[in-house]
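Report on the following structure.
Start at 1 and go down the list; that is how both ligands and their atoms are numbered. It should be emphasised that the depicted structure is a prediction, and the values quoted were computed from it without experimental measurement.
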Amino acid sequence: MILTVTLNPSIDVSYPLEHLATNTVNRVKNVRKTAGGKGLNVSRVIHQMDHDILATGFIGGYFGQWLQHQLDNEGIPHQFLSIQAETRSSIAILHDNGNQTEILEAGPTIDRKDANKFLDHFDHLLPEADLVTISGSMPQGLPETYYTLMIAHAEKQGVKVLLDTSGATLTHALDAPLKPFLIKPNDEELSDLLKHHVDKNDLSTLKQDLQAPVFAGVDWVVVSLGAAGAFAKHGQNFYHAVIPKIKVVNAVGSGDATLAGLAMGIHDKQSDQTILKTAMTTGMLNTMQATTGFVDPAQFQIYFNQVTIQPS
Ligand code: ADP
């Protein structure tokens with residue numbers, strides 16, 4: 001089973017509006033509410049691709065109950081830790097020919113007691129897990145080193161962690177003695193980490209960048225490049241994943257779908273080529289759906305066959 005961690009899940013609300021008017025009333029007809037947060041996108045894609053998953057994280061209040069009910073309806077197994085404070089909502093207003101205005105709640109603040117309780121909860125889930133994915137930013141109140149602690153707990157039980165985060169939490173995780181098995185920075189996150197501008201179009205400097213000491217001990221570094229596919233390092237091997245040109249409907253969540261594909265391939269002990277092809281395919285399939293974090297498994301083989309992996 002793949003254990004997916006979403007510490008700050010949210011109810012994602014989408015309001016389509018022809019025109020957004022400020023300082024007056026906007027009435028919305030087609031409201032859409034989904035269980036969101038990057039880790040839940042990962043969970044949904046893994047579930048849609050017919051792999052066993054268990055979703056965990058913090059959940060709170062009536063909104064938390066609604067979110068769990070939503071996951072039940074989708075058939076996604078979950079075991080969250082309940083907290084007092086309400087789970088957050090994230091509002092996306094889609095308006096005026098392709099504009100998107102977002103209003104994002106910070107979500108609950110986690111106190112020390114709940115932070116410790118969750119580590120116990122995580123320890124109890126780990127024996128059932130073959131692999132862990134951790135995605136997104138952390139809720140308020142947790143120390144920047146919290147993911148690092150979780151990685152140490154997982155590694156001590158022999159469970160590998162795929163980490164998709166950025167900023168200080170990622171830096172801490174790379175500094176720690178027990179490392180994540182895989183990280184998936186995009187070019188901006190990579191520039192942030194290396195403290196210089198990374199040119200995602202220049203693959204030979206990208207290859208040098210991935211040999212920086214900061215990545216020592218991390219088995220996989222996968223840099224996703226949007227329409228240009230991805231550039232990846234596994235141990236001493238480097239690959240450029242080349243993808244076909246496709247019609248993109250909504251690219252939001254494609255990084256999460258990519259992490260889901262990486263987790264499935266690694267879980268299934270596939271070759272490097274198949275792991276990367278799977279990840280590129282789930283990423284592409286997500287961009288072809290209007291709804292974030294959804295893929296159509298019936299299309300998988302068609303696109304999988306069109307991805308090529310070039311040793312670099
Ligand atoms: P992130 O959301 O983490 O920045 P990317 O935008 O690089 O991630 O997208 C992740 C993956 O999704 C890509 O590697 C690719 O497989 C697919 N993808 C994203 N955008 C496009 C696009 N415009 N055309 C085709 N595939 C895409």
Side-chain angles (χ1 to χ4, degrees), residues 4 6 12 36-46 48-49 90 92 98 100 102 104 133-137 162-167 169-170 180 182-193 198-203 206 209-210 220-234 238-266 272-297 299-310 312:
T4 62
T6 316
D12 287 352
K38 284 168 71 65
L40 290 183
N41 295 336
V42 176
S43 314
R44 191 176 295 109
V45 172
I46 294 175
Q48 288 174 342
M49 291 300 300
S90 305
Q100 180 159 335
E102 297 189 15
L104 308 180
T133 68
I134 301 180
S135 308
S137 56
L162 280 51
L163 178 69
D164 185 11
T165 189
S166 55
T169 46
L170 178 58
L182 177 147
I183 58 170
K184 196 200 71 57
N186 60 23
D187 55 318
E188 277 173 38
E189 289 157 356
L190 203 57
S191 303
D192 224 36
L193 261 180
V198 170
D199 180 359
K200 65 176 186 177
N201 299 313
D202 181 349
L203 297 187
L206 201 51
D209 285 333
L210 294 195
W220 277 94
V221 184
V222 181
V223 184
S224 59
L225 304 170
F231 191 79
K233 167 184 182 289
H234 181 203
F238 294 83
Y239 307 99
H240 180 204
V242 183
I243 61 176
K245 203 167 163 41
I246 54 168
K247 192 168 177 301
V248 173
V249 178
N250 170 19
V252 180
S254 49
D256 304 331
T258 303
L259 190 73
L262 290 166
M264 290 173 349
I266 290 168
D272 289 2
Q273 279 78 3
T274 302
I275 291 169
L276 289 170
K277 283 176 80 167
T278 305
M280 291 301 94
T281 309
T282 47
M284 282 189 289
L285 292 182
N286 175 75
T287 69
M288 296 160 83
Q289 301 286 324
T291 318
T292 300
F294 277 74
V295 296
D296 177 5
Q299 307 260 8
F300 182 84
Q301 202 59 43
I302 302 165
Y303 288 92
F304 181 89
N305 292 341
Q306 295 178 57
V307 181
T308 52
I309 308 298
Q310 301 171 349
S312 185

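- With a 4.5 Å cut-off on side-chain heavy atoms, S166 and D192 do not count as touching.
- With hydrogens and angles disregarded, a donor-acceptor distance shorter than 3.5 Å links the side chain of E189 to the backbone of N186.
- In terms of N/O distances under 3.5 Å, ligand 1 is approached by G229.
- Side-chain contact between W220 and D272 is present, with at least one heavy-atom pair separated by less than 4.5 Å.
- Each of the atoms 15 (C), 16 (O), 25 (C), 26 (N) of ligand 1 lies under 4.0 Å from some heavy atom of I243.
- Here the shortest heavy-atom pairing between S224 and K184 reads OG-NZ, 3.6 Å.
- Checked by atom type and distance alone, the side chain of N286 never pairs as donor or acceptor with a backbone atom of T282 at under 3.5 Å.
- Applying the 4.0 Å criterion to heavy atoms of T258 picks out, from ligand 1, the atoms 10 (C), 11 (C), 12 (O).
- Contact of the T169 side chain with the S137 side chain is not registered, since no non-hydrogen atoms from C-beta on lie closer than 4.5 Å.
- Selection from G253, G226, S224 by nearest heavy atom to atom 15 (C) of ligand 1 gives G226.
- Between T287 and ligand 1, no N or O atom pair is found at a separation short of 3.5 Å.
- Interface of V248 with ligand 1, defined as ligand atoms under 4.0 Å from a residue heavy atom, comprises 22 (C), 23 (N), 24 (N).
- Among V252, D187, T282, N186, the residue whose heavy atom lies nearest to atom 4 (O) of ligand 1 is N186.
- With a 4.0 Å cut-off on non-hydrogen atoms, K245 does not touch ligand 1 at all.
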